[in-house]
2 protein chains.
Amino acid sequence: MATIKPGQPTARQLSVFEFIKKHIIKKGVPPTVREVAAHFGFASPLSAQLHINALVKKGLLKKLPFKQRALEISGLRPAEDTTLPLLGRVRAGAPLLASEDTEDHIRIDKGLFKIEDGFALRVTGDSMMEAGIFEGDIAIVKQQQTIENGEIGVVLIGDEATVKRVFRQKGKIVLKPENKTMKPATYNAEDVRVLGKVVGIIRKM
Amino acid sequence: MATIKPGQPTARQLSVFEFIKKHIIKKGVPPTVREVAAHFGFASPLSAQLHINALVKKGLLKKLPFKQRALEISGLRPAEDTTLPLLGRVRAGAPLLASEDTEDHIRIDKGLFKIEDGFALRVTGDSMMEAGIFEGDIAIVKQQQTIENGEIGVVLIGDEATVKRVFRQKGKIVLKPENKTMKPATYNAEDVRVLGKVVGIIRKM
DNA sequence: GGATATACTATACAAATGTATAGTATATGT
DNA sequence: ACATATACTATACATTTGTATAGTATATCC
């Protein structure tokens with residue numbers, strides 16, 4: 001077998017690295033030492049361990065000692081999800097994320113949308129179709145109390161949560177549909193509660 | 001403590017059940033016995049175990065014996081992901097899912113889109129904007145060689161992968177943009193390769 | 001009171017997984 | 001030839017996590 005400069009991974013080590021990488025991508029978690037051994041036909045788990053140690057030494061892998069499935073590849077996100085409640089309804093009086101109003105949960109890759117607190121909402125109506133938001137789409141909403149002029153937000157009017165482009169004009173709130181057949185509506189600021197900003201759309205077709 | 005009819009979970013058992021449920025929803029995996037014990041301040045892991053056993057007996061939980069983090073709640077999907085390659089380009093000559101052409105990976109909840117083999121593709125151009133598909137959107141594509149008349153598909157023409165509504169007319173293939181400013185284009189069937197059907201859209205805003 | 005279910009502790013064992021010791025063998029550079 | 005790095009086996013130990021044994025205590029029903 002070829003001797004290679006220390007610092008450079010060998011072909012064998014690289015194939016172990018590739019296996020681990022693919023495992024993380026496909027399964028979301030790194031393999032166990034014995035899973036690596038099984039894949040390569042090693043009789044001893046140590047064989048896999050030594051390759052892993054070498055890869056750690058050479059900087060391709062990181063490891064949390066004694067933790068299970070705790071290999072990390074820099075630049076490769078591990079499976080980290082954000083779970084957002086999919087709200088079935090929004091009630092004016094109740095706390096926004098009351099669990100009784102959660103219809104389902106949407107799990108999405110944490111890297112996809114940057115949200116700490118948020119929720120998902122199924123879009124009803126065609127009012128935003130020219131913004132590419134259709135009836136039945138799932139809006140990913142970042143929870144916030146205010147919104148920049150012209151951004152698309154979720155606002156509560158009475159007992160109805162609706163997705164619109166939001167403008168502020170002289171103490172009034174203007175909700176502008178993105179649909180030629182519909183007109184903007186103006187409300188007193190105190191009648192409108194901003195629930196959040198739409199940061200993403202998921203559509204099943 | 002109240003004695004309750006066998007078959008009915010006690011308040012304490014229900015709170016353990018709720019903790020497990022939330023853990024699965026939030027983290028994607030059930031807690032370990034000791035994590036349950038720690039959360040409730042139990043000094044012995046058996047305390048948690050007994051609650052779990054009772055919940056299993058009463059039908060609220062299912063369990064795979066001796067497996068780690070192997071609790072299941074019926075009607076609650078565990079964290080199962082599909083990983084789709086996000087193709088950076090599509091080359092006419094090469095296999096579709098050549099790893100050199102994979103720009104990134106999109107992990108999505110398996111329950112969200114029903115796909116076995118598929119890929120993701122970043123949409124370029126405005127040709128489908130009236131179908132609510134915008135430039136920069138990520139199209140979730142189910143890989144298939146044919147497509148029903150009028151469905152939205154990803155097709156390869158020369159070296160360019162494009163998203164269009166696909167029609168078949170007398171041995172010809174018609175690709176219809178969803179944009180009033182653009183006209184349908186007709187191709188010989190042999191010049192067009194169907195890569196798949198668009199089953200979903202993800203938009204980051 | 002006695003039976004039963006609940007709710008817990010202290011401790012230990014079992015299985016899965018990470019790690020280590022000791023050893024064999026091969027290839028390469030000096 | 002020798003040192004060194006690589007690549008592996010057989011075996012055992014360490015840590016984590018699921019499970020079990022033995023025991024204490026309380027509440028409810030008969």
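Letters A, B, ... are given to chains in the order of the sequence lines, protein chains preceding strands, and every chain is numbered from 1.
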Q.
Short of 4.0 Å, heavy atom to strand atom, which residues of residues 22-45 of chain B count as contacting DNA chain D?
A. T32(B), V33(B), R34(B), P45(B)
Q. So which nucleotide from dT9(C), dA15(C), dA7(D) ends up closest to the side chain of L46(B)?
A. dT9(C)
Q.
Among dT6(C), dT17(C), dT19(D), which nucleotide has an atom closest to any side-chain atom of K58(B)?
A. dT6(C)
Q: Could you check whether the rings of F42(B) and H51(B) sit parallel, tilted or perpendicular, using 30° and 60° as the cut-offs?
A: parallel
**Q.** Short side-chain to backbone donor-acceptor contact, Q49(B) and L46(B), under 3.5 Å
**A.** no
(Q) Rounded to whole Å, how long is the line connecting atom CZ of F66(A) with atom C1' of dT17(D)? (A) 16 Å
Q: Indicate the ring-plane relationship of F19(B) and F40(B), choosing parallel, tilted or perpendicular according to the 30° and 60° boundaries.
A: perpendicular
Q) Taking atom types as modelled, is there a side-chain donor on K58(B) or Q13(B) under 3.5 Å from an acceptor on the other? A) yes
Q: Whole angstrom is fine here: how far is it from NZ in K63(A) over to C1' in dA20(C)?
A: 11 Å
Q. Taking 4.0 angstrom as the limit, do K110(B) and D81(B) come out as a salt bridge?
A. no
Q. Of all the choices, dT17(C), dT19(D), dT21(C), which nucleotide is nearest to the side chain of Q49(B) once you look at every atom?
A. dT19(D)
Q) Does OP1 or OP2 of dA16(C) have a side-chain N or O of R69(A) closer than 4.0 Å? A) no
Q: Take the protein atom CZ of R12(A) and the nucleotide atom C1' of dA27(C), then report the distance between them rounded to whole Å.
A: 16 Å
Q. Are a donor atom and an acceptor atom from the side chains of S127(A) and K164(A) found within less than 3.5 Å of each other?
A. yes
